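These notes are about the structure you will find just below.
Nothing here was measured: the structure is a model prediction, and the numbers come from that model. Every chain is numbered from 1, with letters handed out A, B, ... down the list of sequences.
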Amino acid sequence: MQIQIPRGTYDVLPVDAFAWQKIEKTAREVCALFNYKEMRTPIFESTNLFQRGVGDTTDIVQKEMYNFKDRGGRDLTLRPEGTASFVRAYVEHKLFGLPSQPQKLYYIGPMFRYERPQAGRMRQFTQFGAEALGSADPSIDAEVIALAMTFYQKLGLKSLNLVLNSLGDPESRAAHRDALIAHFKPSIGEFCEDCQNRLEKNPLRILDCKEDHDHPLMATAPSIIDYLNEESREYFAKVKAILDEMGIAYELDPTLVRGLDYYNHTTFEIMGASKGAITTLMGGGRYNGLVSELGGPETPGIGFALSIERLLLALEVEGVQLSAAPSLDCFIVAIGEKAENKAPVLLNQLRQSGLYADKDYMERKVKGQFKQADRDHAKFVVVIGDEELEAQKAVVKNMADGTQEDVAFASLTDYLKEKLTTIDGVK
RNA sequence: GCGGUUAUGGUGAAGUGGUUAACACACCGGAUUGUGGUUCCGGCAUGCGUGGGUUCGAUCCCCAUUAACCGCCCCA
């Protein structure tokens, strides 16, 4: 029986790989622009890193983790997100001790969550994320958001909606939490089972519930904004002011609660088009307690993560075409046995001189070889046969206008390079 | 994890309980003994997701299983 790809995974086929390269390149360029450095961490980590880092009450830890025991009995997990690993590495390598603070870092790589697959939701998916560790300056909150926005804009995405909220500091959160419990507790029986469980564990998440969205108590629920203490309120005001000055539009949503436990203060999402619906393209927020939670010194942090898969979907929905892969400079058409023997040698010479070149390997007839040249979008075809070998020259055909000329083998690469320069201005 | 829909060649997609599984595109070849994107002609599924069952006989009926898609949940 044929072996199939595991559920929730997919292959990026050659036709699609160029779009991925383009996206990754854009991400790296934008990070360079904002002075974020790449860091690479393992794809699996100790399971308890995520239990402590992401939070035991989250869906991710409770039901979505790919965990396994290795041969040494270690309890490991395929990373479901990037922040916990980055904070672990930051603490483990004592990056907090480096003179250069904050540490501004980014990653691009696969994440794993055991979920029911759907468009834009895979078991292995790819996140591009950035984290700034070591600064509690509100301008870095704005910077991280600006980085993501810049990235999307460079790729040509238009319909983006930035949603903003503040969860406040631990003191504010605790006060709000108490208020929420007091608000919902008397009538909690009218809510869904999930919400009943959420009441004591994480009442904030009740606000996020779609099932009970229309319950009258939702509209009158205490808003976190009203429970922010002086310091938290000021901090949020500064972040908003900087975004205003930058000209980055946002929408305030006091019910924006993120799925990970470590967030406090600023949280945000960018919503965008997807197949048939609007979904979250990017999510992030501040996590000031996480570094110390994972054994480091009290250190503020903030970051975001976005999904390349969802970005691709959004680009498709908006009709944005990422330009195609580079085409071939020339293709050798060989006719007859002598020419077929000569072709690989000539081909190698062309390649050594820096030309993108190829030939036929399917013993096709002349017509078939030309068709292949056409499929590869070759700009020139170099034809060789008995006559050409005799005269030490080739027939070079310009595929765009159909003209052709005789060119001596000795001057073939110079000829092609010159012609190509006039075509695309490079080389 | 729950509910719904689906599964036929490289691709899109018809179809029937019974010797040959439409059609289109793509591909290969020929018309044009050495030239692409147009046209005409020809070729191209020992096989109908996988496993089992019913039957004289199943791609078509039944069961299971796997996967994809959509909705819920949740999120990137």
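The side chain of A:Gln118 contributes an N or O atom lying less than 4.0 Å from OP1 or OP2 of B:G71. Contact annotation: A:Arg7 side-chain N/O to B:U66 OP1/OP2 distance is not under 4.0 Å. For B:C28, the OP1/OP2 oxygens have a side-chain nitrogen or oxygen of A:Arg375 closer than 4.0 Å.
Atom CD in A:Glu115 sits roughly 11 Å away from atom P in B:C74 (whole-Å rounding). The distance between atom CE of A:Met362 and atom C1' of B:C28, rounded to the nearest whole Å, is 10 Å. Between A:Asp401 atom CG and B:G37 atom P the separation is 17 Å, expressed in whole Å. Summarising the geometry, the separation between CD1 on A:Ile384 and C1' on B:U35 is reported as 14 Å, rounded to the nearest angstrom. In this structure, CD of A:Gln369 is placed 14 Å from P of B:G37, rounded to the nearest angstrom. For the pair A:Gln127 CD and B:A76 C1', the interatomic distance rounds to 5 Å; values are reported in whole Å. In this structure, A:Glu269 places its CD atom 8 Å from C1' of B:C75, rounding to the nearest Å. The CE-C1' distance, from A:Met122 to B:C69, rounds to 10 Å in whole Å.
Here B:C75 is the nucleotide among B:G34, B:G29, B:C75 with the atom lying nearest to any side-chain atom of A:Thr280. Which of B:C70, B:C69, B:U39 sits closest to the side chain of A:Ala119 comes down to B:C70. Comparing B:G37, B:G34, B:C2 by their nearest atom to the side chain of A:Val366 picks out B:G34. Of the candidate nucleotides B:C69, B:A31, B:C28, B:C28 has the atom nearest to the side chain of A:Lys371. Comparing B:G30, B:C28, B:C75 by their nearest atom to the side chain of A:Lys365 picks out B:G30. You'll find that the side chain of A:Ser307 is closest to B:A76, out of B:G1, B:A76, B:G29. Looking at the side chain of A:Pro117, the nearest of the listed nucleotides B:C72, B:C69, B:G1 is B:C69. The A:Arg310 side chain lies nearest to B:A76 when the options are B:A76, B:G34, B:C28.
Under a 3.5 Å cut-off, the side chain of A:Ser166 and the backbone N or O of A:Gly168 do form a donor-acceptor pair. No side-chain donor-acceptor contact under 3.5 Å links A:Thr77 to the backbone of A:Arg79.
Salt bridge annotation for A:Glu309-A:Arg121: absent, with no cationic side-chain nitrogen under 4.0 angstrom from a carboxylate oxygen. With respect to A:Asp59 and A:Arg113, no salt bridge is recorded, no charged nitrogen being found less than 4.0 Å from a carboxylate O.
Figure legend: A:Arg123 and A:Tyr114 shown as a cation-pi pair, the cationic atom lying under 6.0 angstrom from the six-membered ring centre and within 45 degrees of its axis. Note that A:Lys359 lies in the cation-pi zone of A:Tyr361, set by a 6.0 Å cut-off to the ring centre and a 45° limit from the axis.
Judged by distance alone, with hydrogens and angles left aside, A:Gln404 brings a side-chain donor or acceptor within reach of the base of B:U35, the pair sitting under 3.5 Å. Residue side chain A:Lys367 does not reach the base of B:U35 through any donor-acceptor N/O pair under 3.5 Å, judged by distance alone. Judged by atom type and distance alone, A:Arg116 does not reach the base of B:C69 through any side-chain donor-acceptor pair under 3.5 Å. For A:Arg121 against B:C74, a side-chain N or O and a base N or O form a donor-acceptor pair under 3.5 Å. Under 3.5 Å, the side chain of A:Glu388 and the base of B:G34 form at least one donor-acceptor pair of N or O atoms.
Of the C1' atoms belonging to B:G52 and B:G12, the separation is 31 Å, rounded to the nearest Å. A distance of about 15 Å separates the P atoms of B:U54 and B:C63, rounded to the whole Å.
Within the 4.5 Å cutoff, the side chain of A:Thr150 has heavy atoms near those of the A:Lys154 side chain.
When heavy atoms are screened at a 4.0 angstrom cut-off, A:Gly129 is found touching no nucleic acid atom at all. A:Gly336 comes within contact range of no nucleotide atom at all, as no heavy-atom separation falls under 4.0 Å. Here A:Glu387 lies in heavy-atom contact (under 4.0 Å) with a base. Contact annotation for A:Leu306: no contact, since no heavy-atom pair falls under 4.0 Å across all strands. When heavy atoms are screened at a 4.0 angstrom cut-off, A:Ile308 is found touching no nucleic acid atom at all. Using a 4.0 Å heavy-atom distance criterion, A:Ala305 is classed as a sugar-phosphate-only contact.
The partner of B:C2 is B:G71, by the rule that a Watson-Crick or G-U pair needs both atom distances under 3.5 Å. Of all nucleotides present, none satisfies the Watson-Crick or G-U wobble test against B:U55 with each distance under 3.5 Å. Across the strands present, B:A64 finds its partner in B:U50; the criterion is a Watson-Crick or G-U wobble pair with both atom distances under 3.5 angstrom.
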